[in-house]
Amino acid sequence: MAKTETMTLNMGPQHPSTHGVLRLILELDGERVVKCTPVMGYLHTGIEKNAEDKKYMHVLPMTDRMDYLAPMTNNLVFCLAVEKLLNIEIPPKAQWLRVLLNELTRIGSHCVWLGTHALDIGAMSMFLYTFRERERILEIYEMVSGQRMMSSYFRIGGVMEDVPPDFEEKVRAILRDFPARFDEYEALLTKNKIWQNRTKGVAVISGEDAVNCGLSGPTLRGSGVDWDIRKSNPYSGYEKFDFNVPVGQNGDVFDRYVVRMAEMRESLKIVRQALEGLPEGAWMARVPGVTPPPKEEVLFKMEALIFQFKIYTEGFSPPVGEVYFAIESPRGELGYYVRSDGTPKPYRIHFRTPSFCNLSALSRMVEGRLIADVVAAIGSIDIVLGDVDR
């Protein structure tokens, strides 16, 4: 009887489909995966510990750098956590602007996911098409904040400043053009036999296993679990918006693709509602010692900028306490724990990032599959390594 041995193969960290900083130790029997062990830490930045040495407003730009494909989402959850600590109410205009830009961020993030995921599997054209649309969203970032990626536009108490006059026109152009672009994506992939062969029935995880592994976001919903924090625990006024939560059935790579494609269309619905119902009024809450008292609009804008500068240089001190706040990021549940000891710097900060938790299911997805399916599985989880390592 022939004796067989397994082979150990390092896939990454220097590998395009592992995003350059994820290492997988694969035990192979031929081309079939016997065991998969993810090894993380190659992008470790120590953001959580660094944040504890900075004033609250100085922490905000650091959050952009974790999930660098959804920077405004990271800004939002940090602001919401600190605002909960301060027990302040945000003006309606600031809330609706946050929702609008957060959903544009979701679309931009899903565009990068789709382009890179398709490229990993062999559909090269998709990468060029999706980045074409993402560029339009980055132009909105630049318009409102002056930065294309790390915008830090959301601020504790509201937003950095009011949107410029041509903001509505730019957003309406996206609402007009993007549905046809999404149709193009699906025409290229959804019924493509090669795409279906590489994704259907691949990297399956059941709804029960997905819940037990702590998955969230499209990776969880692709397994048939209807859970979206925007619906279950609404924040920033999401309860006022009409949208559906797409859910898959089979928990495979194809279902996770279908869910994200549907999510982009739902995000456009939310953006349209936010734009058409955008309230007038203040874009920054009034917090004693943090933001200025109400005055005429021009004076308010000037003093708001002065107070923001003062916050950056001198800081502010929330009351002693601790909070946890979670929102629905493009990858799932993104939660921030913040503890205050009454000083201008947070005593403790911890981030519950979806990429880290979702990656825990990779082994279960790929063991028993071919090595080529590992690439499809990684892409279907949509990890961002800055979100994993922090």
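No hydrogens, no waters, no symmetry mates; every other heavy atom, side chains included, goes into these values. Note that the coordinates shown come from a computational prediction; the quantities given were computed from them, not determined experimentally.
Aromatic pair Trp195/Phe254: ring centres not closer than 6.0 Å. Side-chain rings of Trp96 and Tyr238 stay apart, their centers remaining 6.0 Å or farther from each other. In this structure, Tyr336 has its ring center no closer than 6.0 Å to that of Phe325.
Side chain of Asn192 to backbone of Leu188: a donor-acceptor contact under 3.5 angstrom is found. With hydrogens and angles disregarded, no donor-acceptor distance shorter than 3.5 Å links the side chain of Ser236 to the backbone of Gln95. Although no hydrogens or angles enter the test, the distance criterion places no donor-acceptor pair under 3.5 Å between the side chain of Asp373 and the main chain of Arg369. For Asp389 (side chain) and Gly41 (main-chain N/O), a donor-acceptor pair under 3.5 Å exists by modelled atom type. Side-chain atoms of Glu27 do not come within 3.5 Å of backbone N or O of Met7 as any donor-acceptor pair. A donor-acceptor pair is defined here as one N or O able to donate and one able to accept, closer than 3.5 Å; no such pair exists between the side chain of Arg348 and the backbone of Tyr337. Asn250 places no side-chain N or O within donor-acceptor distance of the main-chain N or O of Asp255, the cut-off being under 3.5 Å. The closest donor-acceptor contact from the side chain of Thr6 to the backbone of Asp29 lies at 3.5 Å or more, if one exists at all. Judged by distance alone, the side chain of Gln196 and the main-chain N or O of Thr190 form a donor-acceptor pair under 3.5 Å. Listed for the Arg339 side chain is no donor-acceptor partner under 3.5 Å among the backbone atoms of Pro346.
Hydrophobic cluster membership differs between Val202 and Leu26, with clusters built from Ile, Leu, Val, Met, Phe, Trp and Tyr side chains linked at under 4.5 angstrom. A continuous path of hydrophobic side-chain contacts links Met149 to Leu104 [ILVMFWY only; heavy atoms under 4.5 Å]. Tracing side-chain contacts under 4.5 Å through hydrophobic residues (I, L, V, M, F, W, Y), one reaches Met143 starting from Met160; they form part of the same cluster. One hydrophobic cluster, built from ILVMFWY side chains closer than 4.5 Å, holds both Val384 and Leu334. Placement of Val259 and Val245 in two distinct hydrophobic clusters is found when ILVMFWY residues are connected by side-chain heavy-atom separations under 4.5 Å, directly or transitively.
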Let me see the working for Asp67 and Arg331 under salt bridge (charged side-chain N to carboxylate O under 4.0 Å, His left out), right down to the final yes or no. CA-CA 9 Å; Asp67 183 351; Arg331 270 152 283 286; 2.8 Å; yes
Would Leu28 and Ile371 count as a side chain to side chain contact (heavy atoms under 4.5 Å, CB included) here? Give the steps. CA-CA 8 Å; Leu28 304 174; Ile371 189 171; 3.9 Å; yes
Under the salt bridge (charged side-chain N to carboxylate O under 4.0 Å, His left out) rule, what do Arg106 and Glu103 come out as? Steps first, then yes or no, please. CA-CA 5 Å; Arg106 193 180 313 277; Glu103 293 306 315; 3.0 Å; yes
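Sorted by first and then second residue, the ring-ring contact (aromatic ring centres under 6.0 Å, His included) pairs with a member in residues 128-155 read Phe127-Phe131; sequence neighbours excluded.
Using a 4.0 Å cut-off between charged side-chain N and carboxylate O, Glu135 and Arg132 make no salt bridge. Between Asp252 and Lys200 no salt bridge is recorded (no basic side-chain N to carboxylate O distance below 4.0 Å). Salt-bridge check for Glu186 with Arg265: passed, with a basic side-chain N closer than 4.0 Å to an acidic carboxylate O. Taking 4.0 Å as the cut-off between side-chain N and carboxylate O, Glu169 and Arg172 do not count as a salt-bridged pair. With respect to Glu52 and Lys49, a salt bridge is recorded, a charged nitrogen being found less than 4.0 Å from a carboxylate O. The residues Lys93 and Asp162 are annotated as salt-bridged, a charged nitrogen and a carboxylate oxygen being separated by less than 4.0 angstrom. In this structure, Arg136 does not pair ionically with Glu133, as no charged nitrogen and carboxylate oxygen lie closer than 4.0 Å.
Between Val39 and Tyr42, the shortest heavy-atom contact is O-CE1, 3.8 Å. Between Asn74 and Thr63, the shortest heavy-atom contact is CB-O, 3.2 Å. Taking each heavy atom of Arg352 and Ser216 in turn, the nearest pair found is NH1-OG, 3.7 Å. Nearest heavy atom pair, residue Asp64 against residue Ser152, reads OD1-OG, 2.8 Å. Looking at every heavy atom in both residues, Ala70 comes nearest to Thr105 through CA-CG2, 3.4 Å. The two residues Pro330 and Ser109 come nearest to each other via the heavy atoms CB-OG, 3.6 Å.
In this structure, Ser329 and Thr73 have side chains that are in contact, with non-hydrogen atoms separated by less than 4.5 Å.
For the side chain to side chain donor-acceptor pair (under 3.5 Å) test with His110, the passing option among Glu263, Arg260, Arg134 is Glu263; the others fail. Ser355 pairs in a side chain to side chain donor-acceptor pair (under 3.5 Å) with only one of the listed residues (Asp387, Asp382, Thr219), which is Asp387. A salt bridge (Lys or Arg N to Asp or Glu O under 4.0 Å) with Glu328 is found for one member of Arg221, Lys231, Arg230 and no other, namely Arg221.
Atom CG of Asn233 sits in a crowded spot, with more than 12 heavy atoms from other residues, nucleotides or ligands closer than 6.0 Å.
Rounded to the nearest 0.5 Å, atoms NZ (Lys269) and CE (Met264) are 15.0 Å apart.
Aromatic ring orientation, Phe182 versus Phe178: perpendicular (interplanar angle above 60°, classes split at 30° and 60°).
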